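Written below as structure tokens is the structure these notes are about.
Residue numbers begin at 1 in each chain, while the letters A, B, ... track the order of the sequences. Please read all numbers here as calculations on a predicted model, not as lab measurements.
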Amino acid sequence: TISMIIIDHAGHVVAGTSTNGARHKIPGRVGDSPIPGAGAYADSEVGAAVATGDGDVMMRFLPALLAVEGLRNGLDPNEAAAQQIKRIVKYYPTFTGGIVVATKEGRHGASCNGMAEFPYSVADGTDSEGEVKVYTVKCV
Amino acid sequence: GGLPLVVTTWRFLNATLRAYQSLTVGEFDPIDALVEGCSVCEREQCDGTVGYGGSPDETGETTLDAMLMDGTTMDVGAVAALREVKHAAAVAKYVLRNTRHTMLAGSQATDFALQMGFRRETLQTDASRTMWEQWKANHCQPNFWRNVIPSPSMSCGPYEPVSANAVRNNRLEESSEADRTDFRFGRYNHD
């Protein structure tokens, strides 16, 4: 799944996803990616969050929405992401998934479970060439 | 960090760069830049988890999910289980801009896409067909069925729900739901 957050110069925040879902799914099965608040959520007053992983499980927790609400309540991006991952781990300790969170000012962070580490890619105004950097976070 | 910003899951560098350049050099609005970026992965079939020819379902078909959310208007456009149309993020943009709905699903999302001018084409490739045939040859393992007969951990379907007796006697498979490791989600298999 590609899940993406974009914030332009004026602070207009958008988020989106595109995926072909889980392998060997039962026909008709939809993952979390197209569901607002699950696969992605954006609010230009705060920032945005996007998710990837085991969508059957992740959608039950609306992690993207709640990560944005975490930002709204003062958490930094890493904390907001980790809070949502830990919520899911409490019920599904072996689930696989990652969440990427960005504030409307352009600070970003992530958290994950079920993998050794989770990479995400960033291009932003700190690099005048617009070079893409890869960040990795250790999973909880 | 610093604006403008593009952040993407995984190591999808080309998609991230395309979105960023669309936003800065191309001066696209953010939603169009989002579609540009996601469409790179739909074309490149990133990790086999985006676009056509990946993650076949139990019938060997690839279906697509996509969503775009505008954080200023809180407007959303999404497609779910889109069939036989490749450009899911672009179709989601038509749902966003040309309807007052949020999400369209399945074959009727396909009909909408055709009406918006998209082309019907198979999303199966030799690679996804081979993956599906190997799965079938392996007694359809792993799969997402439970509390059905024949035993989904040993054979393919079709299945039918376990008997009312089993329900009455609480002999339903519950606990294993917490353990999702046998689905082998990871870099090459996820939403």
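- A 4.5 Å side-chain heavy-atom check between B:Val76 and B:Met67 finds at least one atom pair inside the cut-off.
- Only the side chain of B:Ala88 comes within contact range of chain A, with at least one heavy atom under 4.5 Å from a heavy atom of that chain.
- Proximity to chain A is absent for every atom of B:Thr73, based on heavy atoms less than 4.5 angstrom apart.
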- Task: Decide yes or no on side-chain hydrogen bond (donor to acceptor under 3.5 Å, both in side chains) for B:Asp47 and B:Thr49, but give the supporting numbers first.
- Result: CA-CA 5 Å; B:Asp47 284 354; B:Thr49 68; 5.4 Å; no
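- Using a 4.5 Å cut-off between heavy atoms, B:Val7 touches chain A through backbone and side chain atoms alike.
- Per-residue heavy-atom pair counts under 4.5 Å with chain B were compared for A:Thr136, A:Thr17, A:Val13, and the maximum is reached by A:Thr17.
- Minimum heavy-atom separation, A:Ala102 to A:Leu71: O-CD1, 3.5 Å.
- Residue contact with chain A, scored on non-hydrogen atoms closer than 4.5 Å, involves the backbone and the side chain of B:Met69 alike.
- Here the side chain of A:Arg60 pairs a donor or acceptor atom with the backbone of A:Asp56 at under 3.5 angstrom.
- Ranked by heavy-atom pairs under 4.5 Å with chain B, the first of A:Val122, A:Val46, A:Val50 is A:Val122.
- For B:Leu23, the part lying under 4.5 angstrom from a heavy atom of chain A is the side chain only.
- Ring pair A:Tyr91/A:Phe61: centre-to-centre distance below 6.0 Å.
- Neither the backbone nor the side chain of A:Ala48 comes within contact range of chain B; no heavy atoms are under 4.5 Å apart.
- With a threshold of 4.5 angstrom between heavy atoms, A:Phe118 approaches chain B through side-chain atoms but not through N, CA, C or O.
- For B:Thr72, the parts lying under 4.5 angstrom from a heavy atom of chain A are both the backbone and the side chain.
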- Item | Worked verdict on B:Trp10 versus B:His190 for ring pair (Phe, Tyr, Trp, His ring centres under 6.0 Å) | CA-CA 11 Å; B:Trp10 311 103; B:His190 58 253; 4.6 Å; yes
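- In this structure, B:Thr62 and B:Gly51 approach most closely via the heavy-atom pair CG2-O, 3.8 Å.
- Interface residue B:Cys41: only side-chain heavy atoms are found under 4.5 Å from chain A.
- Of the listed residues A:Ile99, A:Val57, A:Thr96, A:Thr52, the one with more heavy-atom pairs under 4.5 angstrom with chain B than any other is A:Thr52.
- Heavy-atom minimum distance, A:Pro77 versus A:His108: CB-C, 3.6 Å.
- Chosen from B:Gly54, B:Ala81, B:Gly106, the residue pairing most often with chain A at heavy-atom distances under 4.5 Å is B:Gly54.
- Heavy atoms of B:Glu61 lying under 4.5 Å from chain A are absent altogether.
- Residue A:Val30 touches chain B through both its backbone and its side chain, counting heavy-atom pairs closer than 4.5 Å.
- Heavy atoms of B:Val79 lying under 4.5 Å from chain A belong exclusively to its backbone.
- Residue B:Lys93 is tested with B:Asp70, B:Asp32, B:Asp29, B:Asp75 for a salt bridge (Lys or Arg N to Asp or Glu O under 4.0 Å); the sole match is B:Asp32.
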